[in-house]
Peer 1: 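Below you'll find the structure I mean.
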Amino acid sequence: MIVIKPLLVKHFQDFIAHARLSDFEEVKAATGQLFQDLPAADVVLGTRAIIREESGEVLGIGGLEHFGDRAAIWVMLTTHVEKHPIEFLRFSKKYLKDTIFRRYREVANYVHKDNRLHIKWLNWLGAEWLPFDHECLKLFVLSRGEDE
């Protein structure tokens, strides 16, 4: 079973040990800074860990920045997620519908154009890709739809 928990130091250590390089490249493209040069408060305040309870593996970390009924969502995954893709996909779709879309009409952010795992995942979740003029980043939005 996959759960969302407040980020603890042990979760962050597991995340750093198994983080995906493409997610770090995405941070660099979006912020102009290396992940390790970001202020710690920007990374950990309000951040949640995505944990596979059976193994204790950290599948990723993420958070939301609120803008009324919309939010900027961010998630950085680890290589652990590659061992449990179906479980993670099922969890993420249910979490998006049952938790995120209960509060927000839509969530959006950027993804690096070479981050194939994230793009595949976002497509599976039903992301809409919006025009965006950036050499490395693609802009996506996930919406709950009119009837929900």
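The model shown is predicted, which means the values in this text are computed figures rather than measured ones.
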Peer 1: Look at the aromatic rings of Phe24 and Phe15 and report parallel, tilted or perpendicular, splitting at 30° and 60°.
Peer 2: perpendicular
Peer 1: Which residues pass the salt bridge (Lys or Arg N to Asp or Glu O under 4.0 Å) test with Arg48, not counting sequence neighbours?
Peer 2: none
Peer 1: Take atom NZ of Lys83 as the centre, draw a 6.0 Å sphere, and report whether it contains more than 12 heavy atoms from other residues, nucleotides or ligands.
Peer 2: yes
Peer 1: With sequence neighbours excluded, what pairs up with Asp133 under the salt bridge (Lys or Arg N to Asp or Glu O under 4.0 Å) test?
Peer 2: none
Peer 1: Apply salt bridge (charged side-chain N to carboxylate O under 4.0 Å, His left out) to residues Lys113 and Glu135 and explain how you reach the verdict.
Peer 2: CA-CA 9 Å; Lys113 66 178 178 61; Glu135 65 184 82; over 6 Å; no
Peer 1: Considering only heavy atoms from C-beta outward, does the side chain of Phe88 approach that of Trp121 to under 4.5 Å?
Peer 2: yes
Peer 1: Does the side chain of His118 come within less than 4.5 Å of Arg20's, by heavy atoms?
Peer 2: yes
Peer 1: Is a side-chain N or O of Arg90 found less than 3.5 angstrom from the main chain of Ile86, in a donor-acceptor match?
Peer 2: no
Peer 1: Is there a donor-acceptor pair closer than 3.5 Å between any side-chain N or O of Arg52 and the backbone N or O of Glu57?
Peer 2: no
Peer 1: Applying ring-ring contact (aromatic ring centres under 6.0 Å, His included), which residue pairs with at least one partner in residues 68-87 are found, sequence neighbours left out?
Peer 2: His18-His80
Peer 1: Which atom names give the shortest non-hydrogen contact between Phe35 and Met76, and what distance separates them?
Peer 2: CE1-SD, 3.6 Å
Peer 1: Going through the distances and angles, do Leu125 and Phe140 end up as a side chain to side chain contact (heavy atoms under 4.5 Å, CB included)?
Peer 2: CA-CA 11 Å; Leu125 291 172; Phe140 71 89; over 6 Å; no
Peer 1: Count the heavy atoms of every other residue, nucleotide or ligand shown that sit under 6.0 Å from CZ of Arg105, and state whether that count exceeds 12.
Peer 2: yes
Peer 1: Angle class for the Phe91/Tyr95 ring planes (parallel below 30°, perpendicular above 60°, tilted otherwise)?
Peer 2: parallel
Peer 1: Which residues pass the salt bridge (Lys or Arg N to Asp or Glu O under 4.0 Å) test with Lys93, sequence neighbours left out?
Peer 2: none
Peer 1: Using the test salt bridge (Lys or Arg N to Asp or Glu O under 4.0 Å), find all partners of Arg103 that sit at least two apart in sequence or belong to another chain.
Peer 2: none
Peer 1: Please check if the side chain of Asp14 supplies one atom and the backbone of Val58 the other of a donor-acceptor pair under 3.5 Å.
Peer 2: yes
Peer 1: Hey, could you give me the NZ/NZ distance between Lys97 and Lys94, rounded to the nearest 0.5 Å?
Peer 2: 8.0 Å
Peer 1: Measure from the side-chain N and O atoms of Glu54 to the backbone N and O of Met1, and report whether any donor-acceptor pair falls under 3.5 Å.
Peer 2: yes
Peer 1: Following the transitive rule for hydrophobic clusters with a side-chain heavy-atom cut-off under 4.5 Å over Ile, Leu, Val, Met, Phe, Trp and Tyr, establish whether Leu38 and Ile16 coincide in one cluster.
Peer 2: yes
Peer 1: Is there side-chain contact between Asn109 and Val75, with at least one heavy-atom pair below 4.5 Å?
Peer 2: no
Peer 1: Using the rule given for side chain to side chain contact (heavy atoms under 4.5 Å, CB included), can you reason through Leu96 versus Leu142, listing the C-alpha separation, both sets of side-chain angles and the distance that settles it, and then say yes or no?
Peer 2: CA-CA 9 Å; Leu96 186 66; Leu142 293 163; 4.2 Å; yes
Peer 1: Nearest heavy-atom pair of Asn115 and Val111: which atoms, and what distance?
Peer 2: CB-CG2, 4.1 Å
Peer 1: Does the His112 side chain pair with the main chain of Asp114, one donor and one acceptor, at a distance under 3.5 Å?
Peer 2: yes
Peer 1: Could you report the tightest heavy-atom contact between Glu106 and Phe101, atom names first, then the distance?
Peer 2: CA-CE2, 4.4 Å
Peer 1: I'd like to know if the side chain of Ser92 reaches the main chain of Leu89, judged simply by a donor and an acceptor atom lying under 3.5 Å from each other, with no hydrogens or angles considered.
Peer 2: yes
Peer 1: May I ask you to test the Glu87-Ile2 pair for a side-chain heavy-atom distance under 4.5 Å?
Peer 2: yes
Peer 1: Go through the steps to decide whether Ile119 and Arg116 satisfy the test side chain to side chain contact (heavy atoms under 4.5 Å, CB included), and finish with yes or no.
Peer 2: CA-CA 5 Å; Ile119 291 171; Arg116 293 184 196 153; 5.7 Å; no
Peer 1: Please name the pair of heavy atoms, one in Val3 and one in Lys5, separated by the smallest distance, quoted to 0.1 Å.
Peer 2: CG2-CE, 3.7 Å
Peer 1: Considering only heavy atoms from C-beta outward, does the side chain of Thr78 approach that of Ile61 to under 4.5 Å?
Peer 2: no
Peer 1: Using the rule that Ile, Leu, Val, Met, Phe, Trp and Tyr join whenever any side-chain heavy atoms are under 4.5 Å apart, tell me whether Trp124 and Leu117 fall into a single cluster.
Peer 2: yes
Peer 1: Which residues, ordered by chain and number, are linked to Phe132 in its hydrophobic cluster, where ILVMFWY side chains connect at heavy-atom gaps below 4.5 Å, directly or through other members?
Peer 2: Tyr110, Leu130, Leu137, Leu139, Val141
Peer 1: Taking it one step at a time, do Trp129 and Leu122 satisfy side chain to side chain contact (heavy atoms under 4.5 Å, CB included)?
Peer 2: CA-CA 10 Å; Trp129 299 95; Leu122 289 164; 3.8 Å; yes
Peer 1: Side chain of Thr47, backbone of Leu7: donor and acceptor closer than 3.5 Å?
Peer 2: no
Peer 1: So, taking the atom named OG1 in Thr79 and the one named CD in Glu82, what distance separates them when rounded to the nearest 0.5 Å?
Peer 2: 6.0 Å
Peer 1: Looking only at heavy atoms, what is the nearest atom pair of Leu64 and Ala71, with distance?
Peer 2: CD2-CB, 4.0 Å
Peer 1: State, to 0.1 Å, how close Leu77 and Asp23 come at their nearest heavy-atom pair, and which atoms those are.
Peer 2: N-OD2, 2.6 Å
